[in-house]
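Order of listing sets the numbers, starting from 1, for every ligand and every atom in it. Bear in mind that the values here come from a model prediction, so they are computed numbers and not experimental data. Residue numbers run from 1 in the order of the sequence given. Note: hydrogens, waters and symmetry copies are ignored here, and every other heavy atom, side chains too, is used.
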Amino acid sequence: MDTEHEYRPVYQTSLVDPADFWSAAAQGIEWDVEPQQIVDAADKRSARWFPDARLNTCVNALDRHVRAGTVDQGGHADQSALIYVSAMTNTTTVFTYAELLDKVAEFAGAMRDLGVVAGDRVVIYLPMIPEAVIAMLACARIGAVHSVVFGGFAAPELAARIDDAEPVLIVTASGGLEPNRRVDYPPIVLAALDLAETASVRTVLVKQRPEFTTIEFPTALPATDVLPASEQTVAARWVDWDVCVEGVAPADPVSVAATDPLYILYTSGTTGKPKGVVRDNGGHAVALTWSMRNIYDVGPGQVFWAASDVGWVVGHSYIVYAPLLVGATTVLYEGKPVGTPDAGAFWRIVDEHDVRVLFTAPTALRAIRRADPDATAAHRHDLSRLRALFCAGERLDPATFDWASNTLLADHPDTPVVDHWWQTETGWPICADPLGVQELPVKSGSTSVPVPGYRLRVLDANGNAVPTGTEGNIVIGLPLPPGCLTGLWRDRDRFIRSYLSAFPGHYVTGDSGYFDEDGYLYVLGRSDDVINIAGHRLSAGSIEAAIAGHEAVAECAVIGMPDELKGSLPLAYVVLKQGVEIDQRQLRTELDERVRAQIGAIATLHDSIIVTGLPKTRSGKILRKTIRQLTAGEHVETPPTIEDPHVLTALADRILANPPLGNNTPSPNPDSDPVSPTP
Ligand code: COA
Ligand code: AMP
């Protein structure tokens, strides 16, 4: 085997000579000004990749593929770029590269005419429709910085992001379609604008969907349905997408510095305030391009489908940017893995559209397994062309891995099921089986090996490397490879505090885990108060803030409790204000309504339990880990720092009398699987 196709030497080279490694990878990009310097790591904490280069990410994703001509001529102009499959409207629309470029350049022209210029922020709050992809690429085209907000977030979450990013424009739609309801977006945007303190938003641009009542513009919008007249503050001008693009001159691409921001994507931290992860243009384009061939083994003309949402990092990187950067075809799916209409939805699409690699979350596989345990629906379809099934977003628990490998793909033993691990901050995988470099044996429960570019270590609380098989904090040695976050939006202090100060010289991932003797990493879960619900990352702090706003609540603690389907669900322990009497059922309903209204339905509480006190340290910190252990029925030693041991005993008795886990069998969920560090 030549060393270029062996994982170890490739990995070693990436660490020993990163400049050489990434300089070679940079050749996959069309630069306006070629990089002379590969990395400026004078300040290792915020290394700048390709600091003297210039490019346009949209040109790399679209223009150059169209410019190269048709497929016959060696280009991609007439090849499918985007296949939009909507299980909600029962439609499929295919855009060739040339068609997608036209739409993007046109919309970029419309934004330009609305006064959006390079560096301006644009919030994109859209359901899974092609306009989401078009708007993102159009921002990249004119150098505007997009900030996509997941369409399932409620008004206060949207408002928090508007306040931090200070966009000049919000792009939204008349609504999103969920299986059991329709979500009207304009009232949510209106409420968010009302909550937001910034006055930066000049325009709200609405894509009207045929499934929703057409709104006439200009109008004050259906605000009367949402807010009392006295509270309506419609300062921004509302305009119609279709009207804006009519007759507009397409926008030319704007050349930006490789280090200029491409987007801000907010993610949950420990506290309620979301963190604005900033991604640059150059490092991002290089890293994602490299990852498509080397990790996913996908190249030009092949179909890649990331069954996620554009509102999450997976959607950014692997629905929108990476597949287009390499001239592949991407699938945008509006629907669920089950119920829209059945558990065969994924496999029908894989078969019909010749998907080479499918990337999904374990929770989606668990939902399919629950609905169709024998994978009968999958077996009705031809999955023989599926090169691999990748999973991320949460740990691929061994039971689901086993089902996917041995039931779902029983007839395809050569199609690996690959768990790979990454996060919003890194933007692309940290650990994976790099199929395009060398396909390594897969180990159940492990996310495989470190991806080239990432210097991974597992440290104890004092910063010492732990022995093989011992659990600890997973950290990445600085500098981070290209494509990773360059900082938090206008908050360098928080960037340093959150990621770089705990272990000098390292970035803290917030996950804990261990390496085995073969160098495979096992990611066991978060070491902070982030809760992973159905592959969605939510902060315990923000759910607590929603609950604490209830007039009866003195204080509360939210933990993630194991759930068979979604990995974890939020569970609230609530202490009432003195003298307050309230029916437990009524409180439950009201708290749930608050969480849904302030964060979104994805954060719906599993339960809220009234308790007399919460265990705390003497400095007043709630002992969430202890509460988690008690909830899981584990034996808990009284922590030496506890303020009042009686509180712990009372809570333990309460949980014992009425276990919140009830009949919820935790076996196949990621947190509770009995994967213990190897001795
Ligand atoms: N806009 C508005 N609401 C949304 C939404 C969106 N984009 N996405 C989810 N919601 C709402 C749902 O309508 C639902 O509301 P309800 O409580 O009123 O019914 C709630 O949020 C929970 O939705 P969901 O998480 O989809 O749960 P479910 O029980 O309907 O479906 C799964 C369960 C497992 C099928 C689903 O969670 C799923 O497909 N998960 C995979 C997610 C994923 O890919 N994550 C990876 C990110 S990398
Ligand atoms: P997000 O930033 O929303 O992508 O969430 C990232 C977090 O999800 C990680 O820090 C992990 O806690 C978790 N995660 C993602 N992928 C995996 C995986 N393959 N195994 C274990 N945890 C994962």
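- Ranked by closest heavy atom to atom 12 (C) of ligand 1, the top entry among M128, E394, E178 is E178.
- Remark: atom 32 (C) of ligand 1 lies closer than 4.0 Å to no protein heavy atom.
- The proximity of N532 to ligand 2, defined as any non-hydrogen pair under 4.0 Å, is limited to the side chain.
- Residues E394 and R537 are not paired through a salt bridge, judged by the lack of any N-O separation under 4.0 Å between the basic side chain and the carboxylate.
- Considering backbone and side-chain atoms alike, Y185 places every N or O at 3.5 Å or more from each N or O of ligand 1.
- With a heavy-atom cut-off of 4.0 Å, Q423 touches ligand 2 through backbone and side chain alike.
- Note: no N/O pair closer than 3.5 Å links T363 and ligand 1 by distance alone.
- Of the candidates G339, A371, A307, A154, A307 brings a heavy atom nearest to atom 44 (O) of ligand 1.
- Distance alone, capped at 3.5 Å, places no donor-acceptor pair between the T267 side chain and the K275 backbone.
- Every heavy atom of G393 sits 4.0 Å or more from the atoms of ligand 1.
- Of the candidates A534, S308, A364, A534 brings a heavy atom nearest to atom 43 (C) of ligand 1.
- At a heavy-atom cutoff of 4.0 Å, ligand 1 is contacted by the side chain of N180 but not by its backbone.
- The side-chain heavy atoms of V355 and F304, taken from C-beta on, include no pair separated by under 4.5 Å.
- Put simply, the side chain of N473 never gets that close to the backbone of S512: no donor and acceptor are under 3.5 Å apart.
- Among L389, V303, L383, V357, the one residue that satisfies the side-chain contact (heavy atoms from CB on, under 4.5 Å) test with V350 is L383.
- Of the heavy atoms in W422, only backbone atoms (N, CA, C, O) come closer than 4.0 Å to ligand 2.
- Annotation: R181 places an N or O atom under 3.5 Å from an N or O atom of ligand 1; distance criterion only.
- H284 places a side-chain heavy atom less than 4.5 Å from the side chain of D280.
- For atom 8 (N) of ligand 1, the closest non-hydrogen atom of the protein is F150 CZ, 3.6 Å.
- Tested against Y318 for a ring-ring contact (aromatic ring centres under 6.0 Å, His included), the candidates Y296, F390, W428 yield a single pass: Y296.
- Heavy atoms of E394 found under 4.0 angstrom from ligand 2 belong exclusively to the backbone.
- Protein heavy atom at the shortest distance from atom 5 (O) of ligand 2 is R537 CD, 3.4 Å.
- On a distance-only criterion, T447 and ligand 2 share no N/O pair closer than 3.5 Å.
- Only the side chain of D511 comes within 4.0 Å of ligand 2, counting heavy atoms alone; its backbone N, CA, C and O stay farther away.
- With a 4.0 Å heavy-atom cut-off, ligand 1 is reached by the backbone of I602 and by its side chain too.
- Protein heavy atom nearest atom 27 (O) of ligand 1, with residue, atom name and distance: K566 NZ, 2.9 Å.
- Between the side chains of R596 and T604, a donor-acceptor pair is found at a separation under 3.5 Å.
- What sits closest to atom 1 (P) of ligand 2 on the protein, heavy atoms only, is T424 OG1, 3.4 Å.
- Counting heavy atoms from C-beta outward, T509 and Q423 have side chains that approach closer than 4.5 Å.
- For ligand 1, the atoms lying closer than 4.0 Å to a non-hydrogen atom of K336 are 8 (N), 9 (C), 24 (P), 26 (O).
- Under the 6.0 Å cut-off for aromatic ring centres, H536 and F150 qualify, their centroids lying closer than that.
- At least one donor-acceptor pair under 3.5 Å links the side chain of Y333 to the backbone N or O of K336.
- Taking each of R395, K275, H536 in turn, the one with a heavy atom nearest to atom 22 (N) of ligand 2 proves to be R395.
- Proximity to A361 (heavy-atom distance under 4.0 Å) selects the following atoms of ligand 1: 43 (C), 44 (O), 45 (N), 46 (C).
- In this structure, atom 5 (C) of ligand 1 has protein heavy atoms in its sub-4.0 angstrom surroundings.
- The aromatic rings of Y321 and H146 sit parallel, their planes meeting at an angle under 30°, below the 60° perpendicular limit.
- Atoms of ligand 1 found under 4.0 Å from any heavy atom of G535, numbered from 1 in the order shown, are 47 (C).
- Of the heavy atoms in V314, none comes closer than 4.0 Å to ligand 2.
- A search for side-chain hydrogen bond (donor to acceptor under 3.5 Å, both in side chains) contacts involving W403 returns nothing, not counting sequence neighbours.
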As a quick check of understanding, evaluate salt bridge (Lys or Arg N to Asp or Glu O under 4.0 Å) for D419 and R395, giving each step before the final call. CA-CA 7 Å; D419 184 12; R395 179 165 166 262; 5.8 Å; no
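- Side-chain atoms of T330 come within 3.5 Å of backbone atoms of I319 as a donor-acceptor pair (strictly under, hydrogens ignored).
- Looking at atom 16 (N) of ligand 2, its nearest protein heavy atom turns out to be G393 N, 3.0 Å.
- Interface atoms of ligand 1 facing R596, defined by a heavy-atom separation under 4.0 Å, are 16 (P), 17 (O), 18 (O).
- Close approach of ligand 1 to P337 (heavy-atom distance below 4.0 Å) involves ligand atoms 35 (C), 39 (O).
- Remark: the backbone N or O of V148 is not paired with any side-chain donor or acceptor of Y266 at under 3.5 angstrom.
- Counting heavy atoms closer than 4.0 Å to ligand 1, residue A601 contributes atoms from both its backbone and its side chain.
- The two residues M128 and V310 come nearest to each other via the heavy atoms SD-N, 3.3 Å.
- The ligand atoms of ligand 1 that sit less than 4.0 angstrom from a heavy atom of V314 are 48 (S).
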